[in-house]
Amino acid sequence: MYLPKPFEEADSEALHALIRAAPLATLVIHTQDGLVANHIPFVLHLAESEPVKLQAHIPRSNPLSSILEVARDCLAIFHGPEGYISPSFYATKKVHGKVVPTWNYSVVHVHGKLRAVDDVDWILNQVEALTNQHERPRVKPWEVSDAPAEFTQRLTRVLIGLELDVERMVGKTKASQNQPKENQASILRALDEEAPEAELSDLMHSVLGNASARATESTDCQS
């Protein structure tokens, strides 16, 4: 991934937070026959004195289940807030007009080894963990135990678990950190006016409000 220094995200807690907030990963696996891509929701597993892991499950009918033994390296890509930045948002447009469109976004690339877990209890625990993570904020959360036990047991038998041992995480948050402060302020004002509910606006307020922006003369062609 192209990673200019201003956009590098090295804070592990920030990377973990993005994965939890946007758990649907694009999982890319390098096999003998080439690249295979799937879109799978993961749960981040953090335990003291254990390596960081990502856990998920897929149907046994998914062709991915038959290639895990020969899979090589894999890459899970998690996509956070993103959006278009218009040249009209820049305060310096009125000064010299030397501005161009760009795209701001936040992503995490997780590199590691993937293996299958063929264990009914493990799979049930994983399904419960994934469900609880997303049901917890609801007023009346649904629980796996709400379904008939026979039904749940039958479903877990047609699933297979996935566990990714994380070797490294690479994060990128492109939030106009490379722009002069007047442009940062004008971009935020424009986003707040045009898309006040957008996650991108929240991301930029967080990044630019908590970090010292680096003012450059860049025309923001970095993406």
Novice: Can you tell me if Q184 uses its side chain to pair, donor with acceptor, with the backbone of S176 under 3.5 Å?
Specialist: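 The answer is yes, because a donor-acceptor pair under 3.5 Å joins these two groups.
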Novice: Find the distance between OG1 (T152) and CD1 (I123) and round it off to the nearest 0.5 Å.
Specialist: 13.0 Å
Novice: What pairs with T92 under side-chain hydrogen bond (donor to acceptor under 3.5 Å, both in side chains), at least two apart in sequence or on another chain?
Specialist: N183
Novice: Can you list everything that forms a salt bridge (Lys or Arg N to Asp or Glu O under 4.0 Å) with D192? Sequence neighbours excluded, please.
Specialist: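 Per chain and number, D192 pairs via salt bridge (Lys or Arg N to Asp or Glu O under 4.0 Å) with no residue.
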Novice: For the CD atom of Q32 and the NE2 atom of H30, what is their distance to the nearest 0.5 Å?
Specialist: 9.0 Å
Novice: For N62, which residues count as a side-chain hydrogen bond (donor to acceptor under 3.5 Å, both in side chains) partner, sequence neighbours excluded?
Specialist: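 If we apply the side-chain hydrogen bond (donor to acceptor under 3.5 Å, both in side chains) test to N62, skipping adjacent residues, the hits are N38.
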Novice: F7 ring centre to K174 NZ or CZ under 6.0 Å, with the angle to the axis within 45°?
Specialist: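 Checked: cation-pi criterion met.
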Novice: Any chance you could measure N125, atom CG, to H57, atom NE2, to the nearest 0.5 Å?
Specialist: 12.5 Å
Novice: For the hydrophobic clusters of this structure (ILVMFWY residues joined by side-chain heavy atoms under 4.5 Å, transitively), does one cluster hold both V127 and W142?
Specialist: yes
Novice: Passes side-chain contact (heavy atoms from CB on, under 4.5 Å), L162 versus Q126? Steps please.
Specialist: CA-CA 9 Å; L162 300 179; Q126 200 285 317; over 6 Å; no
Novice: Indicate the atoms forming the closest heavy-atom contact of F89 with I85, along with that distance.
Specialist: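 Where F89 meets I85 most closely, the heavy atoms are CD1-CG2, 3.9 Å.
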Novice: When clusters are formed from ILVMFWY side-chain contacts under 4.5 Å, directly or step by step, what else is grouped with L130?
Specialist: V43
Novice: With sequence neighbours left out, which residue pairs that include part of residues 10-21 fulfil the side chain to side chain donor-acceptor pair (under 3.5 Å) condition?
Specialist: none
Novice: Is a side-chain donor-acceptor pair under 3.5 Å present for Y105 with K172?
Specialist: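 K172 vs Y105: donor-acceptor pair found between side chains.
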Novice: Short question: side chain of S206, backbone of D202 - any donor-acceptor pair under 3.5 Å?
Specialist: no
Novice: Can you sort out the partners of L203 under side-chain contact (heavy atoms from CB on, under 4.5 Å), two or more places apart, ordered by chain and number?
Specialist: P81, S106, T173, L200, V207
Novice: Are V108 and L46 joined in one hydrophobic group, where the rule is that I, L, V, M, F, W and Y side chains link up if heavy atoms are under 4.5 Å apart?
Specialist: yes
Novice: So P41 and H134, do their side chains get closer than 4.5 Å, heavy atoms only?
Specialist: no
Novice: Where is the tightest heavy-atom contact between K93 and P87, given as atom of each residue plus distance?
Specialist: CD-O, 3.5 Å
Novice: Which pairs count as salt bridge (Lys or Arg N to Asp or Glu O under 4.0 Å) when at least one residue sits in residues 128-150, sequence neighbours excluded?
Specialist: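 For residues 128-150, and leaving out neighbouring residues, the salt bridge (Lys or Arg N to Asp or Glu O under 4.0 Å) pairs sorted by first residue read E135-R138.
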Novice: Supply the atom-to-atom distance T102 OG1 to Y84 OH, rounded to the nearest 0.5 angstrom.
Specialist: 9.5 Å
Novice: Check side-chain contact (heavy atoms from CB on, under 4.5 Å) between L54 and all other residues, then give those that pass, not counting sequence neighbours.
Specialist: I19, F42, L44, A76, F78, V110, L164, V166
Novice: Atom OG in S145, atom CG in L124: separation rounded to 0.5 Å?
Specialist: 10.0 Å
Novice: For L188, what residues pass the side-chain contact (heavy atoms from CB on, under 4.5 Å) criterion, not counting sequence neighbours?
Specialist: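 With neighbours one apart ignored, the set is M204, H205, L208.
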Novice: Identify, with sequence neighbours excluded, every residue that meets side-chain contact (heavy atoms from CB on, under 4.5 Å) alongside S61.
Specialist: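 If we apply the side-chain contact (heavy atoms from CB on, under 4.5 Å) test to S61, skipping adjacent residues, the hits are P59.
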Novice: Show the numbers, then the answer: is there a side-chain contact (heavy atoms from CB on, under 4.5 Å) between L18 and E9?
Specialist: CA-CA 11 Å; L18 187 149; E9 180 57 80; over 6 Å; no
Novice: Taking a hydrophobic cluster as the set of Ile, Leu, Val, Met, Phe, Trp and Tyr residues connected by side-chain heavy atoms closer than 4.5 Å, whether directly or through intermediates, do I67 and I160 fall within one such cluster?
Specialist: yes
Novice: When hydrophobic residues are tied together by side-chain contacts of less than 4.5 Å, even through go-betweens, does V117 share a cluster with V144?
Specialist: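 As far as the 4.5 Å side-chain criterion goes, V144 and V117 are connected within one cluster.
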Novice: Test of understanding: with side-chain hydrogen bond (donor to acceptor under 3.5 Å, both in side chains), list the residues that count as partners of E82, not counting sequence neighbours.
Specialist: W103
Novice: What is the minimum heavy-atom distance between G171 and L15, and which atoms define it?
Specialist: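 In terms of heavy atoms, the two residues are closest at CA-CD2, 3.5 Å.
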Novice: Looking only at heavy atoms, what is the nearest atom pair of S65 and I58, with distance?
Specialist: N-CD1, 3.9 Å
Novice: If Ile, Leu, Val, Met, Phe, Trp and Tyr residues are connected whenever their side-chain heavy atoms lie under 4.5 Å apart, and connections chain through other members, are L114 and W122 in the same group?
Specialist: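 Different clusters: L114 never reaches W122 through Ile, Leu, Val, Met, Phe, Trp or Tyr contacts under 4.5 Å.
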Novice: Only pairs at least two apart or in different chains count here, so list each side chain to side chain donor-acceptor pair (under 3.5 Å) that has a residue in residues 153-169.
Specialist: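 Qualifying pairs, neighbours excluded: Q55-E163, R115-E163, R115-D165.
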Novice: If you look at every heavy atom in H39 and L24, which pair is closest and at what distance?
Specialist: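 H39 and L24 have their closest heavy atoms at C-CD1, 3.8 Å.
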Novice: Just how far is it from atom CG of L27 to atom SG of C74, taken to the nearest 0.5 Å?
Specialist: 5.5 Å
